Each structure stands twice: as structure tokens, then as C-alpha cells.
Amino acid sequence: MRQGLNLTESEAGKTAVSEQKTLQDGLAELEALPGGPRAALEAVLMVIDQPATSEELAAGLNVTVAVVEDLLQDLQREYSGYTVKAPDVDAVGFADASTAPRGFELRNVAGGWRIYSRSDFADIVGRFVLEGQTTRLTQAALETLAVIAYRQPVSRARVSAIRGVNVDSVVRTLTQRGLIEDSGNDPESGAVLYRTTSYFLERMGIGSVAELPQLSPHLPGLEGIDEYYDASRM
Amino acid sequence: MRQGLNLTESEAGKTAVSEQKTLQDGLAELEALPGGPRAALEAVLMVIDQPATSEELAAGLNVTVAVVEDLLQDLQREYSGYTVKAPDVDAVGFADASTAPRGFELRNVAGGWRIYSRSDFADIVGRFVLEGQTTRLTQAALETLAVIAYRQPVSRARVSAIRGVNVDSVVRTLTQRGLIEDSGNDPESGAVLYRTTSYFLERMGIGSVAELPQLSPHLPGLEGIDEYYDASRM
Amino acid sequence: MVPSLAPTSEAEPAAAAETPDAGTSDSRKAGFEVRLANFTGPFDLLLGLISKHKLDITEVALATVTDEFIKYIRRLQELGEEWALDEASEFLVIAATLLDLKAARLLPAGEVEDAEDIALLEARDLLFARLLQYKAFKQIAGILGETLEQEARRYPRQVALEGHFAALLPELVWRHSPEQFAELAAKALKPKEAAPEEVGLGHLHAPPVSVKEQAEIMGYRLKLGAPLSFQTLIVDAETTLVVVARFLALLEMFRDRVVAFEQPEPLAELTVRWTGDDAEWDSSSLSEEYEAGPEPDGIGSGENGSE
């Protein structure tokens, strides 16, 4: 998806032409899908966690940056309740559901685009978020945190294998609570690796993970444990 | 929101009335916001990271479950490209952007509501979202999962008997993937019993195990088995 | 839905390729070969063979697939290292059933005559029932697989909570010291013990009762001379198990011709009389048969008190 860097000028020119063609094909391809390029862009924006730049979005959709930026602006306006450029609906006084603002907005933060809940609803959303929240970690969350602390950096799949259960939602909770964080990707599998944060150290009252108590007194014969889990991975 | 327990009849009556009042106030409050209750619901849907039941959503929005369910259905239809019930826009031939399907959809799975990207855009979205990409299950894992889904709660020995092979390692994999879980022990044999999880329902896109396809059409009546014998005996 | 059986060419068994066994290269020339991984069990193989012969599962002449099944089992045995014992034995059980059925077909058709015929019929019905059941689940598994794949094309929105909402969350209550946390880690990291494979009998507390021991006790009393009723002999028995053991011991002693029974009519009182002339008789002269049995010498997990 990313372009190579060391092109001679003429090569770059050729590439630009053929790329142009591909990008137009890309747009035609999107037009064929229900909802067209706009819906395709929405689909991406709706599920990405990290803001994406218009260049990244253009590359993913296989269209030009200019096309993506037009679409982004249309979506942004539409979500905010302005009538979309639609020549056949420019009669004034048209204020039905389609022009009411949505509950979400498309924002460009720090150069990247992402969908957020609309700030008008912050109170309601905040109330919903707080409902059912507890101030203590569940046993499952604590155990997962313990595994990550002693095996970091570690992927979710690995933690799952060790704990014998799926840990996806628990990892999300721990991330949300600021106790663990993304520490890059595993060079082999590409899986996200997790490590504990400085907030975790703070809560534990220690200066670094090296200060975590040794495991050995608690569990004799853990030396071979890594092989054990690797063996049980299929 | 929660009612006390030891109420006399008249107190209970009063509480019901006052709760009704609160819920109506809640609705009035939402009506005052830009986009109204519909947008408020959307705003909440933007922050949930697992399916939310209509009860949870109603509590968060401070409206009745019936109101939320109406709103959810409207949104679902709207996202999928059907024109929303909007008495002032029933002019025929109105087929602009507002009736094109959006890039996302609202679905009711595993007993809760959640926003998903539309499957038409899977290839494009997949370029952005590495997480959640799951490797395919092996044939053995699928068969084991099927037996557990239809015979739950069920012991490994029982699954083994049906499949004719040992299923220990497959059961471990399915547990780690979060598709099945331990559901206690058999009172008689003490064997661990397994059942499917709500994550399984989510992955299947269904609300409950009752929605799984019927097994019976695939299972011819065993009553006639004597005839098979006679037939092949010549 | 039923995965087609991979024919010879592309079906070079992955496992065989790694086995430098000469025997496997011979069998590789045989007409029918399958990749081991294609099958997830004996029923799967059986279904595969049935579909290969385009036979209706309800009308299958099992004998025609038996040979191939057995051939396949032989291959499995050749590749022994690749197969867990329990897995291989599942295949062997079904192969044995198939062989039985095939043998039955070679005999002239006729009336069901004896218990063996009936047992064969039952084995056959059971095999059919299990095969049909497996087939149903296999089809369902295919549907599940398709659904899961289709559904995987929808990505759920599961974004991190926006900063200002996350800030609303109440501060966590944290009560763990580093040591307690390490303990937790040790517990979480400990390899999970495999769940028990069999029903434990440890909680059953049947006191061991030895037949020989009971024979010893009764022998001692009877040698005193007076005939005793069975009632009298068991009057001090604490449990039913002891009563049973004493009855078995009496039968043994009768066989050794050291006691005689008298019972005027059925269900009437049983009187036991010592007839042995060997005053030195002891229970060690009882028949050896108990020793060879699965439950040596006793009822329950008997320890031999008399030896």
C-alpha cells in the first residue's frame, strides 16, 4: 500500500500515471457497492480505534486523497446536520430527520479522522458509562494483569493460552483503566503486545517492573513453563 | 432508578408513578437536545464496546424500554437504507442520500445492540482493522463446537463419544478463543461441563442458542434403522 | 458439506512424507490414499469412504468399505508415531465392528439364531446410529463454519473510551501488595492441571472385605463341631458386603469339600456343617481362582488379611 521511496524521476512519473488509473478503478469499484464510496469510508471510520489520516484512508479505499477529503467533509457536514450537497433537495424549510444532527461527529484530531460521540450528549453518555462500573478489578482482570506484568511485552493470544480463557474484553478494561498499554507489534505475528504502564507502577508503589517480587518462591519449578505453553499452542 | 424493596402498596404505587414521571422528564430532556432522543441513543452506541441490552440503554438514557426499542428499530432501518417513518417526507421519488444504506449497521446479537461495519466493506475495513481478525477454525474445532452448541451443557467424554475421537486439545483451543466455557460439574460424574459463550453468539450473529439452525432435518429418524439392516442384508 | 475425499495425487499424506519408512512408500502406490489431516475421526473416514463409493448412507453395504477402512488403519499403524494411542484405538474399535459385520455377510443369510447374531445386529445398529448422528453434526459444523465466516466480515465498533469519559471512571480500589500480586501471578501462570479423565472412586469408602478372611472366621467356628445356621454365621456381620463375602466363602468351602449344606426346602433355613477331616484346614487352601480375578481375593478393594 505504501509507495517505495527510491524512484528515479521518470519511474516516478510512470508510476503516477498507472497509479492514477488504479485509483480511478478503485473509485469505480466503490461506486458499485451499496452506499458507494461514502458508505465505504463510513464503514472504516466507524470501526477504527486510532484516528486515520486522509492519506491512510485514501490508500485503504484505493482512491485519491482529494476524493477522500471531499467525502470526509461531506460526512462531517452531514453528521452535524447540514444538508448534504444534493441539488434536488435544496428547497428551503426542509428540516426532517435527514438533516437533524446525528449522535456522532467526525472530527479531525491531530491530523487524523475518527468518529466520536457528539459532545452535546456528554452528560448522557457519561451517565451511561458510569452505570455498572465498579471501583475494583474483577478476579479475571487481576489475574490477566498479573500475567501481563510478569510476561511483558506479551500478546493477548499468549495471555489467553496461559489463562485458558479468552481475555479480549478484560484486556480492553485494563487498557481503559490505564494499567496496561500497547507496546508495539510482535515482529513475527504482527500481534499487538501489551505492557504495564507507569500508572500501574504507581498503584503498586514500586519504581520499575524489575522491582516486582520474584515469582520463584511462589511457584517452584516454573523454569520450563514457557515451553509448556508453547507446546500447548497449536 | 432502582426501586426499594419494602414498600407498602400505596408507596409502591407512588414510586411507580414518580418513576414514570422521571422517565417522561428524561424523554423531554432528550427532545431538547439537537437531534433528540435518536441522536442521544446514537451517541451512547458510539462508546459501547460490547453489545448493550435495550434495558441498559433505556437506563442510561432515562427513558422507557419501549421508547428505546422503537428508536433502535428506527435506527436499524435507517442505517440499512430504508426511509425512516417521517410523516413530512412521504413524497414519492425521494431517493437521495438519506435512503442509501450507510457504511455501518445496527444489529441485535447475543442479547444486545451494537454497531458493526457493513459486510460489503469487509475487504476495505480489514485493511485498517487487524484486531479481531480471527484465524479460521479447523474442521475438528467446528465439529466439536457444533456438538457442544447443540448438546450443552455437555462433558468432553460425551463430545468425544459423538465425534469418535479425543477432543481434549480442541476443547482447550475453543476455550481460549472464548467460544466455549466451563459451566460447572456434572452432579453425577463430576466431569466438567461445557457450554457456548455470549461471544460465540456474537460471532454467529444470533441472539441466543435457540436461534441456531435446527438439527433435526440433518438427523434422519433412527427408528427406521432396522430397515437399513434389512436392506443391506439383501 | 461433506468434504470430498482427496484422491491419490494431491493426497500425499503429510505425516507419511516425514516418515522415512519404506513401508509407507509401498502403500503410497496403492490406489487409495488420503491425507491424514483430512479426517477428524473414524466416523469422518467412514463417511468419506461411503461418499467415495457414492453409497447412500442408509443403504450402505458396509463390507465394501470395510477393506478400505482396514487398509487405512494399517497405514495409521505404519505412521504410528503420528497418532495418539486413544485416537488410533477409536479407529480400531470401528474397524473391528466393521470386520464383524463383514464376516457376518460372508455367511449364508438366515434367521437370527443365537446371542452372537443379536450382538452383531446391535453393534451394527449402534454403528449406524452413531454414524448418522455424526453426519448430522458434521453438516451443522459446516453451517456454523459458513456463518462464522460470513459474520467475520462485519467488524464491531469497539473503540477505546474517549479521554473525557475515561476520566469519569471512579478511581480503582487497589489493595494488593507486590507480594500478594506476585502470588496471584504465580497462581495464574501455573499450568492448569488437566481435568480428570475418569470418575474418581476415592470418595467411595467401601471397607475392604476379604473372602478368605471370612472363610477363616467361619472355618474356625464350624470346626468346633456343631452345625450352624447361615443366620448364626452372619449374625455379627456389620455390612451387607460381609454377608455376601461369607456366602461366597461358603461356596468356596463347599467346593473344597470342607462344609456341607442342609436346606429342607427352598428359602428355608440353611444349615452349615463342617465335614472336613483336616483339622489343619485354613483358608489358604481355597481355590486359586479368586487370585486371578480382576478383584483379587475380595469384594471391593480387598487386602488379603490371611496371607
Side-chain angles (χ1 to χ4, degrees), chain B residues 45-50 104-105 107 114-120 122 125-126 129 131-134 136-140 142-147 149-150 156 161-166 168 189-192 202-205 212-213 215 218-220 222 224-229 231-234, chain C residues 3 37-44 46 57-63 84 86-87 90-91 93-94 105 109 121 124-125 128-130 132-145 147-162 165 192 194-197 199-200:
Chain B
L45 289 171
M46 284 306 119
V47 300
I48 58 175
D49 63 358
Q50 52 196 354
F104 46 88
E105 53 189 336
R107 305 179 71 218
R114 190 177 192 180
I115 285 182
Y116 288 81
S117 67
R118 196 168 288 285
S119 59
D120 303 296
V125 175
V129 188
E131 295 288 317
Q133 291 270 39
T134 46
R136 290 170 60 180
L137 292 174
T138 60
Q139 182 63 25
L142 277 173
E143 287 175 12
T144 305
L145 184 59
V147 175
Y150 284 84
R156 281 182 309 181
I162 292 175
R163 289 204 48 232
V165 286
N166 181 296
D168 291 3
S189 67
V192 178
E202 230 180 287
R203 304 285 337 184
M204 287 289 294
L212 285 170
L215 184 61
H218 301 277
L219 197 61
L222 293 183
I225 201 148
D226 289 336
E227 289 149 42
Y228 307 153
Y229 170 78
S232 62
R233 184 96 178 187
M234 296 176 305
Chain C
N38 275 358
F39 296 104
T40 68
F43 289 127
D44 208 20
L46 205 47
I57 187 174
T58 59
E59 291 173 5
V60 61
L62 281 176
D86 55 354
E87 224 165 298
E90 294 284 358
F91 276 86
V93 166
I94 294 190
R105 289 216 31 179
L121 279 179
R124 182 198 185 90
D125 288 354
F128 263 130
R130 292 184 68 192
L132 287 172
Q133 180 178 238
Y134 173 73
K135 185 171 176 248
F137 278 114
K138 194 174 161 61
Q139 284 172 353
I140 286 287
I143 294 173
L144 290 194
T147 310
L148 288 172
E149 210 157 302
Q150 256 164 27
E151 288 297 317
R153 295 182 62 78
R154 298 181 160 104
Y155 296 84
R157 177 175 169 94
Q158 44 186 2
V159 302
L161 208 51
E162 296 161 33
F165 293 128
K192 309 278 176 294
E197 291 297 310
V199 182

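This structure is a prediction, so every number in the text was calculated from the model and none was measured. All chains are named by letter (A, B, ...) in the order of the sequence lines, taking the proteins before the strands, and each is independently numbered beginning at 1.
- With sequence neighbours excluded, the residues that form a side-chain contact (heavy atoms from CB on, under 4.5 Å) with Val159(C) are Asp49(A), Arg114(A), Arg157(C).
- With a 4.5 angstrom heavy-atom cutoff, Glu105(B) touches chain C only via side-chain atoms.
- Formation of a donor-acceptor pair under 3.5 Å by the Arg163(B) side chain with backbone atoms of Asp44(C) is not found in this model.
- Chosen from Leu145(B), Ile48(B), Leu142(B), the residue pairing most often with chain C at heavy-atom distances under 4.5 Å is Leu142(B).
- Among all heavy-atom pairs drawn from Gly164(B) and Pro42(C), the shortest one is O-CD, 3.3 Å.
- Closest approach of Leu144(C) to Ala146(B), counting heavy atoms only: CD1-CA, 3.7 Å.
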Q: Could you check Gln139(B) against Lys138(C) for side chain to side chain contact (heavy atoms under 4.5 Å, CB included), going step by step and ending with a plain yes or no?
A: CA-CA 9 Å; Gln139(B) 182 63 25; Lys138(C) 194 174 161 61; 3.6 Å; yes

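- Scanning both residues, Pro213(B) and Ile140(C), for their nearest heavy atoms gives O-CD1, 4.3 Å.
- The distance from the CD atom of Gln158(C) to the CD1 atom of Ile115(B) is 13.0 Å, given to the nearest 0.5 Å.
- The heavy-atom pair separating Arg154(C) from Ser119(B) by the smallest distance is CG-CB, 3.8 Å.
- The contact between Leu137(B) and chain C is made entirely by side chain atoms (from C-beta outward), counting heavy-atom distances below 4.5 Å.
- Closest non-hydrogen pair, Arg130(C) versus Ala161(B), comes out as NH2-O, 2.7 Å.
- Between Met204(B) and Thr147(C), the shortest heavy-atom distance links the atoms O-CG2, 3.5 Å.
- Applying the ring pair (Phe, Tyr, Trp, His ring centres under 6.0 Å) rule to Phe137(C) yields no partners; only residues at least two apart in sequence or on another chain are considered.
- Looking at Leu212(B), only its side chain comes within 4.5 Å of chain C, counting heavy atoms on both sides.
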